[in-house]
S.K.: 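Got a structure for you, written out below as structure tokens; questions coming shortly.
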Protein chains: 2
Amino acid sequence: MDSHNKNAPIAVEPEADAVIDDAILHQFVGYHMRRAANLLQADMARTLKEIDLRMITMSVLVVVVDNPGLRQSQLADALAIERPNLVSILDELESRNLVLRTRVPTDRRAYALTPTAAGRTLAQRALALTTEHEDRVLAGITPEERSTLVSLMQRIGSASGDA
Amino acid sequence: MDSHNKNAPIAVEPEADAVIDDAILHQFVGYHMRRAANLLQADMARTLKEIDLRMITMSVLVVVVDNPGLRQSQLADALAIERPNLVSILDELESRNLVLRTRVPTDRRAYALTPTAAGRTLAQRALALTTEHEDRVLAGITPEERSTLVSLMQRIGSASGDA
DNA sequence: TATTGTTATACTCTATAACTATA
DNA sequence: TATAGTTATAGAGTATAACAATA
């Protein structure tokens, strides 16, 4: 039954509970990155749901808390978000009274972003929840391995490590 | 001018070109994961555009090529895609005559997936392009570091490393 | 009853073009 | 003219509920 024809549909036996051969995809970093990122993102979303924040919403809030007076374009650059995508995030944070947009006197095009007291409090809670989340999801990885992982990921995309 | 009031908006000086303090976010693996995954995904999408495939479409094609006769539910499990999301992917691959859906005689609910000759050819091309893409994006990382990165990412989510 | 594939739908994240109001 | 923020829109990727056909 060596019937591997070349142009016919080939009525192959469905391999029932056979093991799927993923080997070729596994050689790619991107494949594992997608799965890991997806796993982290799913658990993180579940975690932050408790305080009704999304991943990026929380990132924005935390950065505003640590950098009061920041302008939107600076924030977008810092977090690698496109300016348009920041708008709805800030709309949400502002409507929940966590962040304020106030006109910059010296440049009336820009807004200065400042956290409210509620924003600072929620940021603290968000950081605690995020820490719990990472400790849970990364339980199988030692602190040293964690920093290795981080520094390797930081080097992705930068042509050479140090040159 | 020590005016850090507590409940007022605080007319903070916008810190012009000042450096943004990201330190708190940088302590989280998820932050770096998001950026790295986003970078890989963007370059990968650009790369596969040449043969009009998306990341997942290419993953599906490659797995079907290596596992002819596979059923959709098996494929969905293998790639960690929800069954509904696989449908449109296969619709596209089928309409481009890269993959065939044929009824399984022994279970008329299921489809056996088989690649066409064109599908096999395009899969080869896709793998070559993906390899080029990874070599480019991961240029700053040695092969050893690549495997370290992969094995660390594989261990994310699995409670304990070996116990 | 349970499973395979499907439809419909929705939410998140990302990306681009074009507008407005200032500069 | 250039920039800050905005609007509108589109495309990926992911997730859930519910259905028809079949087991």
Side-chain angles (χ1 to χ4, degrees), chain A residues 14 16-17 30-31 33-49 52-60 69-77 79-94 99-113, chain B residues 14 16-17 30-31 33-49 52-60 70-77 79-94 99 101-113:
Chain A
D17 300 315
Y31 177 78
M33 183 74 76
R34 177 180 79 86
R35 298 192 66 139
N38 191 24
L39 203 151
L40 280 192
Q41 142 73 27
D43 189 88
M44 182 66 168
R46 222 176 299 127
T47 302
L48 287 179
K49 206 175 174 186
D52 202 27
L53 283 183
R54 290 173 298 146
M55 236 173 118
I56 292 199
T57 319
M58 111 85 165
S59 298
V60 166
L70 202 63
R71 287 186 286 116
Q72 291 184 205
S73 51
Q74 295 175 307
L75 181 52
D77 286 351
L79 293 178
I81 308 175
E82 297 301 317
R83 264 73 60 189
N85 296 329
L86 194 52
V87 176
S88 64
I89 295 170
L90 286 171
D91 285 348
E92 186 191 329
L93 290 175
E94 199 181 29
V99 161
L100 298 173
R101 277 191 262 224
T102 42
R103 284 281 180 206
V104 174
T106 51
D107 184 346
R108 293 182 28 77
R109 293 172 302 182
Y111 283 113
L113 302 171
Chain B
D17 300 315
Y31 178 77
M33 183 74 74
R34 177 180 81 84
R35 298 193 66 139
N38 192 24
L39 203 151
L40 280 192
Q41 143 72 27
D43 190 87
M44 181 67 168
R46 223 176 298 127
T47 302
L48 287 179
K49 205 176 175 185
D52 201 29
L53 284 183
R54 290 173 298 145
M55 236 173 122
I56 292 199
T57 319
M58 111 86 167
S59 297
V60 166
L70 202 63
R71 287 187 285 116
Q72 289 184 206
S73 52
Q74 294 176 307
L75 182 53
D77 286 351
L79 293 178
I81 308 175
E82 297 301 317
R83 262 75 59 190
N85 296 329
L86 194 50
V87 175
S88 64
I89 295 170
L90 286 170
D91 285 348
E92 186 190 330
L93 291 174
E94 200 181 29
V99 160
R101 278 192 261 222
T102 43
R103 283 282 179 204
V104 175
T106 51
D107 184 346
R108 291 182 31 76
R109 292 172 303 183
Y111 284 112
L113 302 171

S.K.: What distance do N85(B) atom CG and I81(B) atom CD1 have between them, rounded to the nearest 0.5 Å?
M.R.: 7.5 Å
S.K.: Which part of the nucleic acid does I56(A) contact within heavy-atom distance under 4.0 Å: base, sugar-phosphate only, or nothing?
M.R.: sugar-phosphate
S.K.: Using only atom types and a distance under 3.5 Å, with no angle test, would you say the side chain of Q74(A) pairs donor to acceptor with the backbone of R71(A)?
M.R.: yes
S.K.: Check side-chain hydrogen bond (donor to acceptor under 3.5 Å, both in side chains) between D107(A) and all other residues, then give those that pass, not counting sequence neighbours.
M.R.: R109(A)
S.K.: With V60(A), which of L70(A), V99(A), L93(A) fulfils side chain to side chain contact (heavy atoms under 4.5 Å, CB included)?
M.R.: L93(A)
S.K.: Tell me, please, which residues at least two apart from R108(B) pass salt bridge (Lys or Arg N to Asp or Glu O under 4.0 Å).
M.R.: none
S.K.: If you walk 5' to 3' along DNA chain D, what is the first nucleotide with an atom under 4.0 Å of a heavy atom in chain B, and what is the last?
M.R.: dA12(D) to dA23(D)
S.K.: For L39(B) and dT14(C), what is the distance between atoms CG and P respectively, to the nearest whole Å?
M.R.: 12 Å
S.K.: If the condition is side-chain hydrogen bond (donor to acceptor under 3.5 Å, both in side chains), which residues does D77(A) pass it with, not counting sequence neighbours?
M.R.: R83(A)
S.K.: Using the test side chain to side chain contact (heavy atoms under 4.5 Å, CB included), find all partners of D91(A) that sit at least two apart in sequence or belong to another chain.
M.R.: V87(A), R101(A)
S.K.: Could you list the residues that satisfy side-chain hydrogen bond (donor to acceptor under 3.5 Å, both in side chains) with E82(A), not counting sequence neighbours?
M.R.: none
S.K.: How do E82(A) and M55(A) order along DNA chain C: which one's closest nucleotide is nearer the 5' end?
M.R.: M55(A)
S.K.: Could you check how far CG of L48(A) sits from C1' of dC13(C), rounded to whole Å?
M.R.: 15 Å
S.K.: Mind calculating the distance between CG (L79(A)) and C1' (dC13(C)) to the nearest angstrom?
M.R.: 14 Å
S.K.: Please write out each protein N/O paired with an N/O of nucleotides 3-5 of chain C under 3.5 Å, distance rounded to 0.1 Å.
M.R.:
residue, atom, partner, partner atom, Å
dT3(C), O4', R109(B), NH1, 3.4
dT3(C), O2, R109(B), NH1, 2.8
dG5(C), OP1, Q72(B), N, 3.2
dG5(C), OP1, Y111(B), N, 3.1
dG5(C), OP2, S73(B), N, 2.7
dG5(C), OP2, S73(B), OG, 3.3

S.K.: Taking for each residue the nucleotide of DNA chain D bearing the nearest heavy atom, is the 5' side occupied by A42(A) or by L90(A)?
M.R.: L90(A)
S.K.: I'd like to check the side-chain hydrogen bond (donor to acceptor under 3.5 Å, both in side chains) partners of Y111(B); sequence neighbours left out, ordered by chain and number.
M.R.: R103(B)
S.K.: For the helix from dT1(C)-dA23(D) to dA23(C)-dT1(D), what angle separates the axis at the start from the axis at the finish, each from five pairs, in steps of 10°?
M.R.: 10°
S.K.: Below 3.5 Å, can you tabulate the donor-acceptor pairs from side chains in residues 40-49 of chain B to any protein atom, sequence neighbours excluded?
M.R.:
residue, atom, partner, partner atom, Å
D43(B), OD1, R46(B), NH1, 3.2
D43(B), OD2, H133(B), ND1, 2.7
D43(B), OD2, R136(B), NH2, 2.9
T47(B), OG1, D43(B), O, 2.8
T47(B), OG1, R136(B), NH2, 3.0

S.K.: I'd like to check the salt bridge (Lys or Arg N to Asp or Glu O under 4.0 Å) partners of R35(B); sequence neighbours left out, ordered by chain and number.
M.R.: none
